[in-house]
Structure formats: C-alpha cells, structure tokens
Amino acid sequence: MPGNGRLAAVGANTDTGRVREQNEDAFLAMPPLFAVADGVGGHAAGEVASQLAVRHLAESLPTLSTGGVDGLRDALIGAHQAIRARAEREPAASGMGTTCAILLLEGAKAHIAHVGDSRVYRLRSGVLEQLTQDHTLVGEMVTQGLLDADDPRADGSRSVLTRALGAGPSIEVDMATVELLAKDRFLLCSDGLVGMVPDNAIAATLLGVSNPQEAADSLIAAANAAGGEDNITVVVVDPMLPAGSGGSRARPRGRGVRRLLLSLLLTLLFVAIVALALGWSEAGHLAPVPSARQSQQP
Ligand code: CA
C-alpha cells in the first residue's frame, strides 16, 4: 500500500505463508490508524473475526480521531461485541476470535492498544523495542518473571491465547501512549513474523530498508524463507510529526525560515537607517545639531 504523505509513510502487506491454506490475518493502514488482526477459529471463522475487527475499527475512525485513547478502547470493545453477535447468529462461527494490535497517531503522540499476541514494536535510534506484552500463557508467565522469553520448554504453548476479541463475555484491553520523536519507526505484526524471524533480524531490516513498503515486503519474504509456518502480516509506519512539535523533522526547516526572515528584516532596517541618514545629511539636517549643542554651552 503506498504511503500517505501527511500523517505517516506506511508500508503494509499480508501473506498466507507456506503451510496454511487460508489467510486468517487482516490489517488496516488508514492514517492515522493502523491495525493488525490475527483470527482464530475453525471453518475459516478466524478470517471472519479478523475482518470484522478491522472493519469495525475503520468505521470508528471518525470518532477515534477526536476521542484519543478512550475512543480507541471503545472501538475495540465495539469490535469485541460485533464478533460475539456474529458468532451467536452463525453456529459455524461459534468460538471465533481475533487478536488485535493498534497504533493511532495523534499529533506528537502515538496511542497503542492490543489484545492477544499480535505485537507493536518501535525502532528508535537503532534499537528495536517491543511495546506490547503477549496475552498468551507463555507471555503472561514471562511478564510475571516465571519464565524466560526464549525458554525452549515454552515452545509448544507459545500461541495459546489468554485474551482475544470475541472470546468471553467481556474484554480487557491493554493501552499505552508514547511521545513521538523524529525518525521513530513502528512495526505492527502477527505472530507469523515473530515466530519465524528473530528480533535482531527484524531490527536489521527496519534499519536497513528505508522505504516502508519495501521493509514490510522484506520482512514477509524473510518469514517465508524461514519456513512461513503461519500467516504473516506486517505494517511499517513512519510517522510525520506536525511542524513545531518536539523532535519534529520539520523543526530545523522552520527555524531556518525564521532565521531567514529575521536577517531579511535586519537588512531592510539597516538599509532604511542608512537611507534616512544620507537623506538627512544631504538636506543639511545633521549640521545644525552640533551647533545647537554648542550654542547651549556657556
Ligand atoms: Ca497467527
């Protein structure tokens, strides 16, 4: 998907991978709103759930843009209820659910919300940081310090979700807000990427490939090259900070314009003073001043 020039440059793609027959992932790249959803459920119901979630978010965008973090939480709860309502109407879709990881840009801030094990990362000054904690059995144990993230004993249960949109009567959403700095880059992805490609290789691609669409495509290619065991979805977001905000890329240019205007003003002032002085001198206005002073002396 081509980049949006004003709020962010974005690259996004999804791929079935090399093992699964269907792609149950979905994504949304509608600046200022970005999302990745990874559906679960039999008989292709996972695909229905993930599509329902991103469609509900897209429809909520007008209220999200002004509602900030509360609007985002309401939109996710709405998506949860929409999935449950659909599952009640269609017995074949019973038990379906979806993860959802969201990034919403608002001025010089980014709101992050997630449910499940789709992740949001931030690349800042060359360092890749995972901003979300997986809602999986393993992820919860890692968060509580009961298990190391790379413990091989956990490999069989890494994808067991403890939270998903559509699962259970109510839903708890994790929310966070971060300040944006110039050149921050965000990655939203499904577990089909992180299960196949280690974080250091993800970081190397995000650092080395400046075009966000090419970066997204490279990450999907890397996951497929490593086996492509699951559906893979990647959204790469390069926010464009508003002019005058902290750390904005536009700031040096703004300063330059101000400096140019100031020096132009000073030059004009200087020219005006010189012209005025010459004019007065030619008209003889300067001559009487010393004599006037002298005449006041006793
Ligand atoms: Ca998955």
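The first residue in the sequence is number 1, and the count goes up from there. Just follow the structure's listing: the first ligand is 1, and inside any ligand the first atom is 1.
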Determine, stepwise, if the pair Asp174 / Arg163 fulfils salt bridge (Lys or Arg N to Asp or Glu O under 4.0 Å).
CA-CA 10 Å; Asp174 281 4; Arg163 288 193 228 172; 3.1 Å; yes
Thr99: what forms a side-chain hydrogen bond (donor to acceptor under 3.5 Å, both in side chains) with it, not counting sequence neighbours?
Ser118
Are Thr14 and Asn231 close enough that some pair of their side-chain heavy atoms sits under 4.5 Å apart?
no
Besides Val197, the hydrophobic cluster formed by Ile, Leu, Val, Met, Phe, Trp and Tyr side chains linked at under 4.5 Å, directly or via other members, contains Tyr121, Leu123, Leu128, Leu187, Leu193, Val194, Met196, Ile202, Leu206, Leu207, Leu219, Ile220, Ile232, Val234, Val236
Using the rule that Ile, Leu, Val, Met, Phe, Trp and Tyr join whenever any side-chain heavy atoms are under 4.5 Å apart, tell me whether Met96 and Ile171 fall into a single cluster.
yes
Using the salt bridge (Lys or Arg N to Asp or Glu O under 4.0 Å) criterion, which residues pair with Glu129? Sequence neighbours excluded.
Arg122
Would you mind counting protein N, O or S atoms that sit less than 3.0 Å from the Ca ion (ligand 1)?
3
